[in-house]
Amino acid sequence: QVRLVESGGGLVQPGGSLRLSCAASGTILSFNTVGWYRQGAEKQRESVASIAPFGATTYADSVKGRFTISRDNAKNTVYLQMNSLNSEDTAVYYCNLKDGRADHWGQGTQVTVSS
């Protein structure tokens, strides 16, 4: 079965950076589109970024130019590099993979941007 585990969240000051990781088992990430989503307090979950099997990427307008999604095929891991963070980026960040049978989600990792 598919398992996704996010890590790398934490507390960071405005303007700071974090790199999130999504490690997968039970599936090959490069065979599927993988996305990062986030859900702030009292807000709905929203798409942040995605990467397709051949490397095409998409970004939400709110993070374009600040966030970068990437994939390490050898480690079967996707990353989200987050720069110039602000308070509106505070949320639980989730990794998502759709393998043609079902959507798979990780447990999430908390990102808090505060001074």
Side-chain angles (χ1 to χ4, degrees):
Q1 61 271 6
V2 177
R3 181 179 179 227
L4 304 174
V5 179
E6 301 97 333
S7 62
L11 176 64
V12 64
Q13 292 183 327
S17 299
L18 287 173
R19 189 179 76 160
L20 307 183
S21 299
C22 174
S25 60
T27 190
I28 306 299
L29 288 177
S30 63
F31 289 179
N32 308 97
T33 295
V34 178
W36 283 98
Y37 293 73
R38 67 186 181 187
Q39 186 168 14
E42 301 180 350
K43 299 178 181 178
Q44 293 188 338
R45 190 171 299 182
E46 63 177 348
S47 176
V48 176
S50 68
I51 183 166
F54 290 97
T57 58
T58 65
Y59 297 94
D61 288 342
S62 60
V63 307
K64 192 172 298 182
R66 299 188 298 121
F67 290 11
T68 303
I69 188 170
S70 62
R71 181 179 63 225
D72 186 331
N73 293 338
K75 296 182 180 295
N76 207 30
T77 300
V78 296
Y79 303 95
L80 185 68
Q81 178 67 47
M82 306 186 297
N83 300 325
S84 301
L85 289 163
N86 58 64
S87 61
E88 295 184 353
D89 297 315
T90 295
V92 178
Y93 285 72
Y94 298 90
C95 184
N96 171 268
L97 178 147
K98 187 174 183 177
D99 64 6
R101 299 176 61 183
D103 283 303
H104 304 280
W105 296 89
Q107 294 286 331
T109 185
Q110 175 71 50
V111 172
T112 302
V113 185
S114 177
S115 60

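Numbers here are sequence positions counted from 1.
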Visitor: Can you tell me how far OG of S70 sits from CD of Q81, rounded to the nearest 0.5 angstrom?
Guide: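 One gets 8.0 Å once the value is rounded to the nearest 0.5 Å.
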Visitor: Could you measure the distance from the SG atom of C95 to the CG atom of L20? Nearest 0.5 Å is fine.
Guide: 10.0 Å
Visitor: Going by the salt bridge (Lys or Arg N to Asp or Glu O under 4.0 Å) test, which pairs reach into residues 3-22, not counting sequence neighbours?
Guide: none
Visitor: Using side-chain contact (heavy atoms from CB on, under 4.5 Å), reason through S17 and N83 one step at a time and then give a plain yes or no.
Guide: CA-CA 4 Å; S17 299; N83 300 325; 2.9 Å; yes
Visitor: With rounding to the nearest 0.5 angstrom, report the CH2 to CD1 distance, W36 to I69.
Guide: 8.0 Å
Visitor: I'd like to know if the side chain of N76 reaches the main chain of A24, judged simply by a donor and an acceptor atom lying under 3.5 Å from each other, with no hydrogens or angles considered.
Guide: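 Such a contact is found between N76 side chain and A24 backbone.
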Visitor: For S84, enumerate each residue passing the side chain to side chain contact (heavy atoms under 4.5 Å, CB included) test, keeping only those at least two apart in sequence or located in another chain.
Guide: R66
Visitor: Under the salt bridge (Lys or Arg N to Asp or Glu O under 4.0 Å) rule, what pairs show up with a residue in residues 30-39, not counting sequence neighbours?
Guide: R38-E46, R38-D89
Visitor: When you compare the side chains of D99 and H104, does any donor N or O come within less than 3.5 Å of an acceptor on the partner?
Guide: yes
Visitor: Would W105 and Y37 count as a ring pair (Phe, Tyr, Trp, His ring centres under 6.0 Å) here? Give the steps.
Guide: CA-CA 10 Å; W105 296 89; Y37 293 73; 5.0 Å; yes
Visitor: Roughly how far, to the nearest 0.5 Å, is OG1 of T27 from NZ of K98?
Guide: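 Rounded to the nearest 0.5 Å, the NZ-OG1 separation comes to 14.0 Å.
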Visitor: Using every non-hydrogen atom in the two residues, find where S47 and A60 come nearest and quote the distance to one decimal.
Guide: O-CB, 3.5 Å
Visitor: Do P14 and V113 have side chains that approach each other closer than 4.5 Å (heavy atoms only, starting at C-beta)?
Guide: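 Yes, side chains in contact.
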Visitor: Tell me whether V92 shares a hydrophobic cluster with V48, the cluster being built from Ile, Leu, Val, Met, Phe, Trp, Tyr side chains joined at under 4.5 Å.
Guide: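 Cluster IDs for V92 and V48 differ.
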Visitor: May I have the step-by-step check of side-chain contact (heavy atoms from CB on, under 4.5 Å) for V111 and L18, ending in yes or no?
Guide: CA-CA 9 Å; V111 172; L18 287 173; 3.9 Å; yes
Visitor: Can you tell me how far the CD1 atom of I51 sits from the OG1 atom of T33, to the nearest 0.5 Å?
Guide: 9.0 Å
Visitor: Determine whether a donor-acceptor pair (N or O, by modelled atom type, separation under 3.5 Å) exists between the side chain of S50 and the backbone of G35.
Guide: no
Visitor: Does atom CD of Q110 have more than 12 heavy-atom neighbours from other groups under 6.0 Å away?
Guide: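 Above 12, so yes.
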Visitor: List the steps and the verdict of side-chain contact (heavy atoms from CB on, under 4.5 Å) for T90 and S114.
Guide: CA-CA 8 Å; T90 295; S114 177; over 6 Å; no
Visitor: Applying side chain to side chain contact (heavy atoms under 4.5 Å, CB included), can you list everything that pairs with A23, at least two apart in sequence or on another chain?
Guide: T77
Visitor: Taking all heavy atoms of L4 and all of L29, pick out the closest pair and write down the distance.
Guide: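 Minimum heavy-atom separation between L4 and L29: CD2-CD2, 4.4 Å.
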Visitor: Give me each pair satisfying salt bridge (Lys or Arg N to Asp or Glu O under 4.0 Å) with a member in residues 102-115, each pair once, sequence neighbours excluded.
Guide: none
Visitor: Applying side chain to side chain contact (heavy atoms under 4.5 Å, CB included), name anything that partners D61, two or more places apart in sequence or on another chain.
Guide: K64
Visitor: Mind listing the closest non-hydrogen atom pair of L80 and A49 along with its distance?
Guide: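 Closest approach of L80 to A49, heavy atoms only: CD1-CB, 4.2 Å.
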Visitor: Identify the heavy atoms of Y59 and F67 that sit nearest to each other, and give their distance.
Guide: CE2-O, 3.2 Å
Visitor: Calculate, to the nearest 0.5 Å, the distance between atoms OH and SG belonging to Y94 and C22 respectively.
Guide: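 That separation rounds to 13.0 Å.
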Visitor: Are the side chains of P53 and S30 in touch, meaning some heavy atoms are under 4.5 Å apart?
Guide: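 In short, these two side chains do not touch, never coming nearer than 4.5 Å.
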